[in-house]
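Letters A, B, ... are given to chains in the order of the sequence lines, protein chains preceding strands, and every chain is numbered from 1.
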Amino acid sequence: ARKGRPRLLSRENFIELCHRLTAEDEKTFKALWQRAALSVDWSLEYATIDDHCRRTAQLSFLDLFRKEHVYNSSSPTMWDVDFQTAVAQAEVDDRELTGAYHRIEFGVEDSDESLVVATTRPELLAACVGVTAHPDDARYRGLFGRNAVTPLFRAPVPIFPSELADPDKGTGILMVCTFGDATDVLWWREQRLALRQLVQRNGRLGDVTFGSEGWESLDPDAANRFYAELAGKNVKQAQKRVVELLRGPDGSATGSGPPLQGEPEPMEHTVKFYEKGPRPLEFVPTRQWFVRLMDKKEPLLAKGAEVKWHPEFMHVRYRDWTEGLQLDWCVSRQRHFGVPIPVWYPLDDAGEPDFARPIPAGAEQLPVDPMAVPAPGYEETQRGKPGGFIGEADVFDTWFTSSMTPQIGSHWADDPERHAGLFPADVRPQGPEIIRTWAFYTIAKALLHEDSIPWKNALISGWVLDPDRKKMSKSLGNVQTPLPYIERFGADACRYWSGSARLGVDTAFDEKVLKVGKRLVTKLFNAGKFVLAQESEVQPITAELDLAFVAELRALVERTTAAFEDFNFALALQETETFFWSRFTDSYLELAKTRARGDGADAAAQGSAVATLRLALDVLLRLFAPTLPYISEEIWSWRFAEERGEPSIHRAPWPGAADFGGIAEPANAASLERAVAAVQAIHKAKADAQVSAGREVESLVLAGDAALLEEIKPVLGDVLAATRVHTHQLREAGDLEEGVFGVEDARFAERTDRS
RNA sequence: AGGCACGUAGCUCAGUGGCUAGAGCGCCGCCUUGACACGGCGGAGGUCGGCGGUUCAAUCCCGCCCGUGCCUACCA
């Protein structure tokens, strides 16, 4: 509606354009999500504007209507003058603005007394309907019950006491207007003050006539003369002009000079804005539909406590928001594109709508547009005619539909059996900034419809911050989209990065993490290539080194599974990654590779190593699969897909006891650790001698304490093979650190060129 | 102003009432290794924001303070 341009479009054309645009956006998003390998069942795809969702949202309304949880009323509502629609509390943003206290002298009726109010909104002076101060404020106690007289417009308005007035703010006495802010609305209701609505829906001051009913003035001619200068102006323009008028002596309510006392005094204050709006919200009386929530804080809090929040402290945000609710949920929006509110209103003989007797749609006719279809029991020809009907033109707040996400998925509206099986849902993943909207309204709907929670777990992510730790936003121009990174690093690397972020913790975007992810993918590729290149026959796993490694692998599966079950996918990834890198590729694989190739090993020992390598790859791939779907699927396809008769790793069973059946425990759980320590000592000896780790060793002496030497024996063959030691001796030494080997008298072979 | 979270190596982040506080990146040195140089080995680098307290023992628990982010309130 801004700048008036879209108004050239008809409602129908506008809606048509919206459909076209959303279809394009959907395509883009779907392509991105598929590229990012989101494991979505695309057969269940929906759009919140499609028939199924419109039916669900409208059915939700009808259910709430039947249960009397919704009502329509004409009352001051937060209104965005640019978007020209009502907004809900949850869509409001506070912004710091510089304003100014304007001190304005009022008269007191039938006396020569005066008072000075302080206001930041002098342009609403014509809408002043009262004056109030704190009951204990000695300065003003004598004025309560009498009338003040406004300058310029000479309107007599009641002076009343209110606890809400702060004696320390401004002058301690203030004018009540219809409507400057939420407190004005409160006073207007409590004191049953007059309604002098000045600001119109378009944000401009309307036409009013002082001296007419509701616009009383002691001097209507003067009032109208002044007001003529303001009518039609927007709020900002009107403020400028009214201040000029107040600087003149003519408008004084006391005859003692200009009403404006001194110069306006700049101050900082917070003002409510629609989250997308450029100008402050106004309170404008309009007819709106509301969902009654203010009387349901207790059950809302109870349902919130039933949900398991991850991380737990996010529950506090829900609680704080719910406890702080101040208004029922305004669900009607004055927009073209959206889900229509499925009601009509009967017209009386004079053609006036009876809003107190709305006609709801029948459940069987959903989805329905009351602007296109006649009310039940009426003919289309009766639309707009006396004795006929009109259709509701408003649409729902988008959250009214989005709050039904679990029910949309479970087909609450048309498949009770499916709904019973899928509701409440297991998990809601979402961002922290929409706890007060998406999460809150979804919980509210589940409560109102079925006295249920909508989902058992709420997973609240953190934010991705830009590299300077600032929140990404359009206005800062620091927003990143995933596609360029998917192209540069691959989808798996991007998923590695997002999968590393802890729930509820903000993470600065860092390309380094993508590089690490890409490196992991490459390493997996190479490790997979090596493991599956070992073609010799698989034998039972019996070698001590292999058994010790398998025992560690089994423990890893348990830790990773537990982490996933706790929704701690970052820990699951970290556990698997660390194990893969340090225990598998750096340790076990290096130790077992010679034996697996068959160099000097018997068939049983070789087969044991090959079996272990295959098992490790098989299990690790499946542990990685949720985070790195592409590379794990690729490697899986090389051999396991056919072997297992399961083409996709993503449908293979999760690793568990079945993978470890019949494999014995190692004689010594620390066997792998001992072997690693021995290799490390020999590598260090080579590094000290500045020869490559691959250099053959003619002979060396491996030193260690007696227990250590005993423990190394079962895996010594693998150690010597991995380090290419030809002959060795063991020597008992007491002067080494615990668990550490020493290498003595190493004689390295001459370097030989490999052919 | 209140609430919640965070503050750990140059950077991005793990972590625990007790072994010498960790990883990756970056940095320095060595190794052109046979799945992988997008690799391997070795190394330097930290008063765990500050000050108090509880404890035999605190980076971790408690209090206060400083800084950062978010939420809520203030909106004359």
Side-chain angles (χ1 to χ4, degrees), chain A residues 94-97 99 101-104 117-122 124 131-133 164-166 168-177 180-184 187 267-272 280-281 311-321 323-324 326 432-433 435-436 462-463 465 467 469-471 497 500-502 504-513 515-534 570-571 574 577-578 581-582 585-586 589-590 593-594 597 599 613 679-680 682-695 724 738 754:
Chain A
D94 288 343
R95 294 184 205 161
E96 281 284 333
L97 283 192
Y101 279 124
H102 297 73
R103 293 186 164 74
I104 302 171
V117 303
T119 179
T120 56
R121 301 205 59 183
L124 294 180
V131 165
T132 186
L164 295 175
D166 181 351
D168 295 328
K169 246 183 191 170
T171 55
I173 190 163
L174 65 133
M175 65 173 189
V176 178
C177 305
D181 62 33
T183 327
D184 280 348
W187 280 317
M267 47 86 83
E268 293 293 320
H269 62 162
T270 52
V271 179
K272 285 188 194 304
L281 288 168
E312 209 161 339
F313 67 77
M314 287 296 179
H315 180 209
V316 176
R317 301 208 185 172
Y318 171 85
R319 216 169 45 212
D320 288 351
W321 174 256
E323 284 169 352
Q326 293 183 324
E433 77 282 12
I435 289 175
R436 69 178 184 175
W463 272 323
L465 307 174
R469 299 205 65 84
K470 284 205 208 60
K471 192 182 164 188
W497 163 75
S500 303
R502 257 70 183 169
V505 178
D506 296 348
T507 308
F509 180 75
D510 185 355
E511 239 181 72
K512 284 182 313 198
V513 182
K515 283 188 195 153
V516 174
K518 194 177 174 196
R519 213 169 52 107
L520 173 61
V521 170
T522 307
K523 189 79 172 176
L524 258 168
F525 179 88
N526 286 317
K529 207 168 56 170
F530 173 78
V531 167
L532 296 178
Q534 311 311 312
L571 177 61
Q574 187 191 300
E577 180 190 14
T578 304
W581 213 283
S582 74
T585 62
D586 287 355
L589 194 147
E590 289 299 332
K593 71 187 346 177
T594 315
R597 283 197 208 98
D599 303 350
L613 288 168
V679 168
Q680 203 166 14
I682 297 167
H683 275 163
K684 186 155 171 32
K686 289 181 177 179
D688 289 347
Q690 299 204 348
V691 303
S692 87
R695 183 72 69 88
R724 289 166 212 165
E738 200 182 323
R754 282 181 279 115

Inset, instruction - Select base, sugar-phosphate, or nothing to describe what A:L164 touches, counting heavy atoms under 4.0 Å on all strands. - result: base
Legend entry - Polar contact flag, side-chain donor to acceptor under 3.5 angstrom, A:E511-A:W497: no
Inset, instruction - Give one of base, sugar-phosphate or nothing for A:A693, where a contact means two heavy atoms less than 4.0 Å apart. - result: base
Legend entry - Rounded distance in Å - CG (A:D320) to P (B:A1): 18 Å
Inset, instruction - For B:C13 and B:G17, measure between their P atoms and round to the nearest Å. - result: 23 Å
Inset, instruction - Please state the P separation for the pair B:C41 and B:C56 - nearest whole angstrom. - result: 44 Å
Inset, instruction - Scan A:L589 against the nucleic acid and name what it touches under 4.0 Å (heavy atoms): base, sugar-phosphate only, or nothing. - result: base
Legend entry - Residue pair A:Y101, A:K169: steps toward the side chain to side chain contact (heavy atoms under 4.5 Å, CB included) verdict: CA-CA 10 Å; A:Y101 279 124; A:K169 246 183 191 170; 3.9 Å; yes
Inset, instruction - Quote, to the nearest angstrom, the C1' distance that separates B:C66 from B:G43. - result: 36 Å
Legend entry - Inter-residue atom distance A:K686.NZ - A:R724.CZ, 0.5 Å rounding: 6.5 Å
Inset, instruction - Would you mind reading off the distance between A:D94 atom CG and B:G2 atom C1', rounded to a whole angstrom? - result: 14 Å
Inset, instruction - Quick one: label A:A165 by what it contacts on the DNA or RNA (base, sugar-phosphate, nothing), any heavy atom closer than 4.0 Å. - result: base
Inset, instruction - Nearest 0.5 Å please: distance from the NZ atom of A:K518 over to the NZ atom of A:K523. - result: 16.0 Å
N/O to N/O distances under 3.5 Å, protein versus nucleotides 24-29 of chain B:
unit_1, atom_1, unit_2, atom_2, d
B:G24, O3', A:R519, NH2, 3.1
B:C25, OP1, A:R519, NH1, 3.2
B:C25, OP1, A:R519, NH2, 3.3

Legend entry - B:A73 versus B:C11 - spacing of their P atoms, nearest Å: 36 Å
Legend entry - Atom pair CG (A:D510) and CG (A:L465), whose distance is rounded to the nearest 0.5 Å: 12.0 Å
Legend entry - Atom C1', compared across B:G29 and B:G45: separation rounded to whole Å: 15 Å
Inset, instruction - Measure the distance from NZ on A:K518 to C1' on B:C36 and round it to the nearest whole Å. - result: 14 Å
Inset, instruction - Show the numbers, then the answer: is there a side chain to side chain contact (heavy atoms under 4.5 Å, CB included) between A:I173 and A:V131? - result: CA-CA 7 Å; A:I173 190 163; A:V131 165; 3.5 Å; yes
Inset, instruction - Could you let me know what B:C36 is paired to, Watson-Crick or G-U wobble, both distances under 3.5 Å, or none if it's on its own? - result: none
Legend entry - Toward the 5' end of RNA chain B, by each residue's nearest nucleotide, A:V505 or A:E433: A:V505
Inset, instruction - Could you check which nucleotide pairs with B:C6 in any of the strands shown, counting Watson-Crick or G-U wobble with both distances under 3.5 Å? - result: B:G67
Legend entry - Length of the line joining A:W463:CH2 and B:C70:P, which is rounded to integer Å: 6 Å
Inset, instruction - Answer with base, sugar-phosphate or nothing: what part of the nucleic acid does A:R121 contact at a heavy-atom distance below 4.0 Å? - result: nothing
Inset, instruction - Classify the nucleic acid contact of A:Y101 as base, sugar-phosphate or nothing, counting any heavy atom under 4.0 Å across all strands shown. - result: sugar-phosphate
Inset, instruction - Select base, sugar-phosphate, or nothing to describe what A:W581 touches, counting heavy atoms under 4.0 Å on all strands. - result: sugar-phosphate
Legend entry - A:D506 side chain to A:W463 backbone, donor-acceptor under 3.5 Å: yes
Legend entry - A:K686 NZ to B:C30 C1', straight-line distance once rounded to whole Å: 14 Å
Legend entry - N/O (side chain, A:R436) to phosphate O (OP1/OP2, B:C71) under 4.0 Å: no
Inset, instruction - Compare the minimum distances between each of B:G15, B:A35, B:G3 and the side chain of A:R502, then state the nucleotide with the smallest one. - result: B:G15
Inset, instruction - Decide yes or no, distance alone: a donor-acceptor N/O pair under 3.5 angstrom between the base of B:C36 and the side-chain of A:E590. - result: yes
Inset, instruction - Assign A:T507 to base, sugar-phosphate, or nothing according to its heavy-atom contacts below 4.0 angstrom with the strands shown. - result: sugar-phosphate
Inset, instruction - Give the rounded distance in Å between these two atoms: NZ of A:K169 and P of B:A73. - result: 14 Å
Inset, instruction - Could you check A:N526 against A:M175 and say which one's nearest nucleotide on RNA chain B is further toward the 5' end? - result: A:N526
Legend entry - B:G67 versus B:G49 - spacing of their C1' atoms, nearest Å: 8 Å
Inset, instruction - Name the nucleic acid region contacted by A:R724, choosing base, sugar-phosphate or nothing; use a 4.0 angstrom heavy-atom cut-off, strictly under. - result: base
Inset, instruction - Starting from P on B:C38, measure out to CG on A:D586 and report it in whole angstrom. - result: 16 Å
Legend entry - Distance between P atoms of B:G50 and B:U33 (Å, rounded): 47 Å
Inset, instruction - Would you tell me if any nitrogen or oxygen in the side chain of A:Q326 comes within less than 4.0 Å of OP1 or OP2 on B:U72? - result: no
Inset, instruction - Give a yes/no on whether any side-chain N or O of A:K529 is located under 4.0 angstrom from OP1 or OP2 of B:C36. - result: no
Inset, instruction - Counting heavy atoms from C-beta on, name the nucleotide in B:A14, B:C70, B:A35 closest to the side chain of A:R317. - result: B:C70
Inset, instruction - Looking at every strand, decide which applies to A:T119 at a 4.0 Å heavy-atom threshold: base, sugar-phosphate, or nothing. - result: sugar-phosphate
Legend entry - Point-to-point distance, once rounded to the nearest 0.5 Å, from OG1 of A:T120 to NE2 of A:H269: 5.0 Å
Inset, instruction - Using a heavy-atom cut-off of under 4.0 Å over every strand shown, decide if A:T522 touches base, sugar-phosphate, or nothing. - result: base
Legend entry - Strand partner of B:G24, provided both Watson-Crick or wobble distances fall under 3.5 Å: B:C11
Legend entry - Nucleotide B:G34, atom P - distance to CZ of A:R597 in whole Å: 10 Å
Inset, instruction - Scan A:K515 against the nucleic acid and name what it touches under 4.0 Å (heavy atoms): base, sugar-phosphate only, or nothing. - result: nothing
Inset, instruction - Please name the residue in the list A:L174, A:T171, A:I104 that meets the side chain to side chain contact (heavy atoms under 4.5 Å, CB included) test with A:T119. - result: A:I104
Legend entry - Per A:F313 side chain, nearest of listed nucleotides B:U12, B:A5, B:G40: B:A5
Legend entry - Test item: A:R317 and A:I435 side chains (from C-beta on) under 4.5 Å apart, heavy atoms: yes
Inset, instruction - First locate atom CZ of A:R597, then atom NZ of A:K593, and finally report the distance between them rounded to the nearest 0.5 Å. - result: 5.5 Å
Legend entry - Selection from B:A35, B:U12, B:C70 that lies nearest to any side-chain heavy atom of A:F530: B:A35
Inset, instruction - Give none if B:U47 has no partner; otherwise give the nucleotide forming a Watson-Crick or G-U wobble pair with it, both distances under 3.5 Å. - result: none
Legend entry - Nucleotide paired to B:U59 in any strand shown, Watson-Crick or G-U, under 3.5 Å: none
Inset, instruction - Hey, could you give me the OG1/CG distance between A:T578 and A:L571, rounded to the nearest 0.5 Å? - result: 9.5 Å
Inset, instruction - Remember a base hit wins even if backbone is also touched, and classify A:E323 as base, sugar-phosphate or nothing at under 4.0 Å, heavy atoms. - result: nothing
Legend entry - Rounded C1' spacing from B:C48 to B:C31 in Å: 35 Å
Inset, instruction - For A:D166, answer base if it contacts any base atom (sugar-phosphate contacts may also be present), sugar-phosphate if it contacts only those atoms, and nothing otherwise; contact means non-hydrogen atoms under 4.0 Å. - result: base
